[in-house]
Each structure stands twice: as C-alpha cells, then as structure tokens.
Amino acid sequence: MQGGLGGKAGDLNVTGFGVGAGDVRVTGFAIDNRKVAPGNVFGAFVGATVNGEDFIADAVRAGAVAVVARPEARAVIEAAGAIALVDDNPRRAFARLAAPFYAPLPETLVAVTGTNGKTSTVEMLRQIWRMAGHSAASIGTLGITTADETTYTGLTTPDIVTFLANLAGLAREGVSHVAYEASSHGLSQYRSEGPRVMAGAFTNLSRDHLDYHATMEDYFAAKMRLFDEVVVDGGSAVVWADDVWSDRAIGHARARGLNLITVGEGGETIRLIRREPGPLGQVLTVRHEGVERRISLPLIGAYQAANALVAAGLALASGLNPAQVFDALGRLAPVRGRLERAAINAAGAPAYVDYAHTPDALEAAIAALRPHTKGRLIVVFGAGGDRDAGKRAPMGAIAGAQADIAIVTDDNPRGEDPAAIRKAVIAGAPDRLIEIGDRREAIFQGTARAKRDDILLIAGKGHEQGQIIGRGPDARVLPFDDVTVAREAAGEKM
Ligand SMILES: CC(=O)N[C@H]1[C@@H](OP(=O)(O)OP(=O)(O)OC[C@H]2O[C@@H](n3ccc(=O)[nH]c3=O)[C@H](O)[C@@H]2O)O[C@H](CO)[C@@H](O)[C@@H]1O[C@H](C)C(=O)N[C@@H](C)C(=O)N[C@H](CCC(=O)O)C(=O)O
Ligand SMILES: Nc1ncnc2c1ncn2[C@@H]1O[C@H](COP(=O)(O)OP(=O)(O)OP(=O)(O)O)[C@@H](O)[C@H]1O
Ligand SMILES: N[C@H](CCC[C@H](N)C(=O)O)C(=O)O
Ligand SMILES: [Mg+2]
C-alpha cells in the first residue's frame, strides 16, 4: 500500500487484496452509500442494525470504483461492476487502506479508553500540550476541540472516514498533537484504526453499554483492543492502577511489550501519595522518578485527580519533561459539564452539573461533592433510553444510598417510555427516590429544596444541549441545557 496521497485523488495500491498489481485511482472513501462520490472506495460492513452489503449496488451506481467487504460479498460487488477488495475483517482492511490516503496526519496521536474519564482525560491532555507550546486538539464526546474552538461531531469516536478527514484537517491547520477518545463501540467497529497511535490509556471499567456488548468480559475485550492492536509496536500504555480491572489491563500492555506507565495510589510511575481536598481544588502529593511533588490541582474530586494524572502519564509518554507536565496540572481549566459549578441559589447553595450516567460515575460525582457539603447533598439524575437497561437500578441504588435527597428524572428517553425508565431506576431504592419526570421541574424542585450549606448535583447530561425524544426518523432533540436551567431555577439572570 502506498502512503502520502494527501486526501486528494490518487492511485491506491491494492495488491494486498490479491486483485492484481494494477493500481486503482480513487477520489476518497465512504462507508454510507448515500455519501458515495464518483471514484470513491465504499466500505460495506455488517452493522448492528443493517447490513451495509445490501447497499453495494447503490454505492456502485453512485460512482464507487471499489468495495471493501467480506469475501461473501465478492460476487455482488463484481456483478455491480466494481473491484472487490475482500477481507475477513473488512472494517480493519478499510481503515488501513484509507489512512495513507489522508496523510499527512498529526505526528503525535494518543487514545484514551475506559468507561468513565475519557473526555476529561483527552481534554486535560490537550491543555497540557498547549501549555508546553504545542498546537494540540482533542477528539471525543465534546467534539473536536482546539485552542480556538469546539466543533460538535455527534459520536464520541467518529466513524473512520470522518475521523481520518478530521485528523487530516487538523494537520493542515498545523495541529501536531491529538488525543482522542476510543469508545468501546469505536474500538469494536475499527473506527479509528490506521493512523499511528503512539500511546493509549486505560482509565477504568464498570457497568455500561451491556446493550451492545454481551458481557463485561466482551466489553473489556473491546477496550483492550487498544493495547492489543491499535497502539503501535514499541508504543506506550498508561494505566490507572487503582481500578479492579487495572491488573488485567496491565497484563495486556505487558503481553504486547508496550512501555508501561502506571498511575495512582498503586501506580509505579506516578504514585499518588496523598490527596487533600480544599474548597476550590485539591493538593496532590505524587512521586515520579524518585522526586516527590506537590501539585495544587484547581479541580475538585478524586475522579478529576485520577483523570489529570492519567493525562500526565500520556503527556510524559509523548515526550514532555516532568517539570512541564506537573506544572501544567496546577493550571488546568475545568472540563465542560464535569463538576461544572453552574449556579448559586438564593439560600447560597451551589448547583453542580456533571455527566455521570453510569453507576460508578454517579458514585464518583457524589463522592467528589461530599467533602464540600456541610448540609445535605441533593441529586437530580436519570438514565438514558435505548441504552443498557441493567445500569438503571444500580444508579437508583447508589443515589438512594449516598445522597440525602435523590430525584429521578428524564435523561434522553429516546425510543423508550420515560415512565418505564424511571420505574427501573426507582426499583434500585424504592423508598428513597422522588420521581419528577419533567427535567426542568426536577431541577427547579431540587433547587428549591437546597438550603444554606446544601449542594445540588444535576447529573447525566453535562455539556449536552438537548433532550432526545423518539427513535430513528422520529427522533427529536428538544433544546435543553442543565446549566441554563440551573441558573433559571436559582433566579440568576442569563
Ligand atoms: C450501535 C452503533 O454503534 N451504531 C453506529 C454504527 O453502526 P453500525 O456499523 O452497526 O451500522 P448500521 O447502522 O447497522 O449500518 C451498517 C453499515 O451500513 C451503512 N449504511 C447504513 C444505511 C444506509 O442506508 N446505507 C449504508 O451504507 C452504515 O454506514 C454502516 O457502515 O455506525 C454508524 C455509522 O458510523 C453510526 O452512526 C452508528 O451510531 C449510532 C447512531 C449510535 O447511536 N451509536 C452510539 C451507541 C455510539 O456509537 N456510542 C459510542 C460510545 C459512547 C460513549 O460511551 O462514549 C460513541 O463512540 O459515540
Ligand atoms: N476516573 C473516573 N472515575 C470514576 N468516574 C469518573 C471518572 N472520570 C469521570 N467520571 C464520571 O464520569 C462522567 C463522565 O466523564 P467523562 O465525560 O470524562 O467520561 P467519558 O469516558 O468520556 O464518558 P462517555 O463514555 O460518555 O464518553 C463524569 O462526569 C464523572 O461523573
Ligand atoms: N456516550 C453515552 C452518553 C450517555 C449520556 C446520557 N445523557 C444518556 O443519554 O444516556 C451513551 O451514548 O451511552
Ligand atoms: Mg466521553
């Protein structure tokens, strides 16, 4: 395969597919037949909802000159008049074929996986790189963030064509360092394969997405593809050492021979010795290469300290020097929608907006705020529709046990009946949870109940700007922003 075609029309060497030595002249790549342009290579993949192979004829009619698909699809491709590039793993083959076409890509590319903390970690790493003088970007749930702007993209890990096009665009703008979120969906669908990933990080693993992955083992295996296959030979693996899955993640990194960087109380590379919460942040004492350092992290919560240290591990892996990295942690700016202080009500009680939408995350967000709460901790939360239903009762149980007042409300019901979702959440702590379906009303009531010394936590939507109702073509996004509503409830003028 040749490289360096710069995202422009060019010859693509497809000898690796055994279709003869002839090069195919292509103009680009597409994985959706509706986006095929003349001269494109079409990737036809068996999906969770439909089989992309059913669209091969349409794609060729739209101008696809070659199709990457399973060997079973060869006859269909050839009958349609295109070159068949068949492989037992067509998503991976497509990614590897496409990546060189989009070159040059940013030189330093790292990925973060884990159930919680990916967005925070890539965003913190982007900030550290920038403070060290690099032109940096992050790609993930918040979209594409550079020093100048954030462009929302929709998925946490974009599809492979969007991902490669975005990387090429960033490189053209002069961005040299990119950190991206590797979601388990993204990893299992090879959405970011192909470019050279010099380091990967694992934050933690807990219940989520078991609608998509059959078991926790399958979910973990999807995540571990990052260390097993995606990071380049000789690359680095950063592992948060204090999670129950950490030892197994370390095992994957070792088996692959990656440079291992472990971080946390049980970490060997960056050992967290002490964490002292303060009113607006926390002081961390860490040991790295025999040197003990005190870091005034301007963010609250054990979970934010964990993410900052994983980001530090990746920054070291990317070649920054320790002084640069640890100094930068003292100057990190908050991540949008992660323990974001949104409003203060008339009684003086603050409201925090957080993106906790898993049982573990809810527990972490409550634990982050507890040391700051002299009075009661009030939580407004919900669980998403058309997502892992098994996390609902555990979320209810955690809020019921760990908050003083817990209000269950709606959070993107999508194609499901919102009352049924709330019922499943309430089953986790039937006597402890208050049900208020309308999210605005729930935030208003939570705010009204918060007295002096209390804290209100509004969990689940973080940065999100809408409430998703309905499924497929009927889906609608009703504008909704927890921060704005929290301010309105507190009587603050926008
Ligand atoms: C379950 C899932 O991950 N679905 C995503 C995935 O679907 P899939 O490959 O299984 O696709 P499919 O819809 O069955 O279609 C199969 C193939 O046919 C193609 N197709 C389909 C229809 C058509 O008319 N023509 C056509 O060519 C599709 O492009 C696809 O290649 O590929 C599609 C195209 O890239 C994505 O839009 C779609 O995201 C859906 C909308 C989604 O909601 N995904 C969520 C669950 C998701 O991916 N979340 C993760 C994790 C979030 C986190 O925890 O951080 C994320 O990374 O965002
Ligand atoms: N290291 C962590 N440990 C436990 N909980 C965390 C951690 N980091 C973040 N959280 C919780 O998870 C929420 C989401 O954090 P973040 O957006 O950084 O994670 P993510 O992995 O990107 O999530 P998503 O899978 O939705 O993209 C936070 O608001 C917080 O409640
Ligand atoms: N990336 C996560 C985001 C969940 C956010 C929450 N607000 C919800 O809708 O469940 C998912 O797609 O499962
Ligand atoms: Mg994310």
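Note that ligands are numbered from 1 as they come in the structure, with each ligand's atoms numbered from 1 the same way.
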What protein heavy atom is closest to [atom], reported as residue, atom name and distance in Å?
| atom | result |
| --- | --- |
| atom 5 (C) of ligand 3 | Glu464 OE2, 3.3 Å |
| atom 3 (C) of ligand 3 | Tyr355 OH, 3.2 Å |
| atom 11 (C) of ligand 3 | Arg387 NE, 3.3 Å |
| atom 10 (O) of ligand 3 | Gly384 CA, 3.3 Å |
| atom 21 (O) of ligand 2 | Lys118 NZ, 2.8 Å |
| atom 17 (O) of ligand 2 | Arg338 NH2, 2.7 Å |
| atom 7 (C) of ligand 2 | Tyr303 CD1, 3.5 Å |
| atom 29 (O) of ligand 2 | Asp354 OD2, 2.7 Å |
| atom 12 (O) of ligand 2 | Ala361 CB, 3.4 Å |
| atom 2 (C) of ligand 3 | His357 NE2, 3.8 Å |
| atom 6 (C) of ligand 2 | Asn116 CB, 3.4 Å |

Hey, is [X] touching ligand 2 through its side chain, its backbone, both or neither, going by heavy atoms under 4.0 Å?
| X | answer |
| --- | --- |
| Glu181 | side chain |
| Ala356 | both |
| Thr119 | both |
| Thr141 | side chain |
| Asn204 | side chain |

**Message:** Nearest non-hydrogen contact with atom 26 (O) of ligand 2 belongs to which option: Gln304, His357, Glu340, His209?
**Reply:**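 Minimum heavy-atom distance to atom 26 (O) of ligand 2 goes to His357.
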
**Asked** Between Thr203, Asn307, Leu362, Asp242, which one has a non-hydrogen atom sitting closest to atom 1 (N) of ligand 2?
**Response**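 Closest candidate by heavy-atom distance is Asn307.
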
Taking all heavy atoms of [X] and all of [Y], pick out the closest pair and write down the distance.
| X | Y | result |
| --- | --- | --- |
| Arg376 | Asp404 | CA-OD2, 3.2 Å |
| Pro195 | Ala99 | N-CB, 3.9 Å |
| Glu492 | Ala343 | OE2-CA, 3.4 Å |

Show which atoms of ligand 2 fall inside a sub-4.0 Å distance from at least one heavy-atom site of [X].
| X | value |
| --- | --- |
| Thr115 | 21 (O), 23 (O), 25 (O) |
| Thr156 | 27 (O) |
| Ser120 | 16 (P), 18 (O) |
| Ala364 | 4 (C), 5 (N) |

Tell me, yes or no, whether the heavy-atom count around [X] atom [atom1], taken from other residues, nucleotides or ligands under 6.0 Å, exceeds 12.
| X | atom1 | value |
| --- | --- | --- |
| Arg294 | CZ | no |
| Leu280 | CG | no |
| Glu268 | CD | no |
| Arg271 | CZ | yes |
| Arg130 | CZ | no |

**Among the N, O or S atoms of Glu181, the one nearest the Mg ion (ligand 4)** =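 So the atom name we want here is OE1.
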
**Whether Ser183 has an N, O or S atom under 2.8 Å from the Mg ion (ligand 4)** =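 Looking at Ser183, which is the residue asked about, there is no N, O or S atom under 2.8 Å from the Mg ion (ligand 4).
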
**Asked** Can you tell me if Thr119 has an N, O or S atom under 2.8 Å away from the Mg ion (ligand 4)?
**Response**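 Checking the Mg ion (ligand 4) against Thr119, an N, O or S atom does fall under 2.8 Å.
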
**Request:** State the atoms of ligand 3, each with its element, that fall below the 4.0 Å cut-off from a heavy-atom position in Asn412.
**Result:**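 Near Asn412, the atoms of ligand 3 are 7 (N), 8 (C), 9 (O).
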
**Request:** Mark up the atoms of ligand 3 that fall under 4.0 Å of a heavy atom belonging to Arg414, in ascending order.
**Result:**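 Matching atoms, with element in brackets: 8 (C), 9 (O), 10 (O).
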
**Prompt:** Could an N or O of ligand 2 be found under 3.5 Å from any N or O of Gly117, whether backbone or side chain?
**Reply:**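 By distance alone, the answer is yes.
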
**Prompt:** Checking Arg207 against Tyr219: charged group under 6.0 Å from the ring centre and within 45 degrees of the axis?
**Reply:**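 Checked: cation-pi criterion not met.
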
Strictly under 6.0 Å, is that where the ring centroids of [X] and [Y] end up?
| X | Y | value |
| --- | --- | --- |
| Phe202 | Trp240 | no |
| Phe45 | Phe94 | yes |
| Tyr180 | Phe163 | yes |

**Message:** Checking Thr358 against Asn116: is there a side-chain donor and acceptor pair closer than 3.5 Å?
**Reply:**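 Yes, side-chain donor-acceptor contact under 3.5 Å.
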
**Request:** Give a yes-or-no answer on whether the side chains of Thr119 and Thr141 include a donor-acceptor pair shorter than 3.5 Å.
**Result:**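 Side-chain D/A pair, Thr119 to Thr141: present.
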
**Message:** Is there a side-chain contact (heavy atoms from CB on, under 4.5 Å) between Leu309 and Leu272? Walk through the geometry before answering.
**Reply:** CA-CA 9 Å; Leu309 293 179; Leu272 176 58; 4.1 Å; yes

**Message:** So, 4.0 Å and heavy atoms of Glu363: is ligand 2 close enough to count as a contact?
**Reply:**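 Checking ligand 2 against Glu363, which is what was asked, there is no heavy-atom contact under 4.0 Å.
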
**Request:** Would you please determine whether Thr121 falls within less than 4.0 Å of ligand 2 on a heavy-atom basis?
**Result:**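 It does not; every heavy atom stays at 4.0 Å or beyond.
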
**Message:** Does ligand 3 come near enough to Ala383 that some N or O of the ligand is less than 3.5 Å from an N or O of the residue?
**Reply:**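 Ala383 vs ligand 3: no N/O contact under 3.5 Å.
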
**Prompt:** Does the N or O separation between Thr156 and ligand 3 drop below 3.5 Å for any pair?
**Reply:**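 No, there is no polar N/O contact under 3.5 Å.
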
**Message:** Determine whether His252 and Phe220 satisfy the following criterion, ring-ring contact (aromatic ring centres under 6.0 Å, His included), listing intermediate values before the conclusion.
**Reply:** CA-CA 11 Å; His252 280 260; Phe220 181 63; 5.6 Å; yes

**Prompt:** Does Arg440 come within less than 4.0 Å of Asp438, counting only side-chain N to carboxylate O?
**Reply:**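 Salt bridge absent between Arg440 and Asp438.
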
**For Asp482, the option from Arg439, Lys461, Arg336 that meets salt bridge (Lys or Arg N to Asp or Glu O under 4.0 Å)** =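 The single option meeting the salt bridge (Lys or Arg N to Asp or Glu O under 4.0 Å) with Asp482 is Arg439.
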
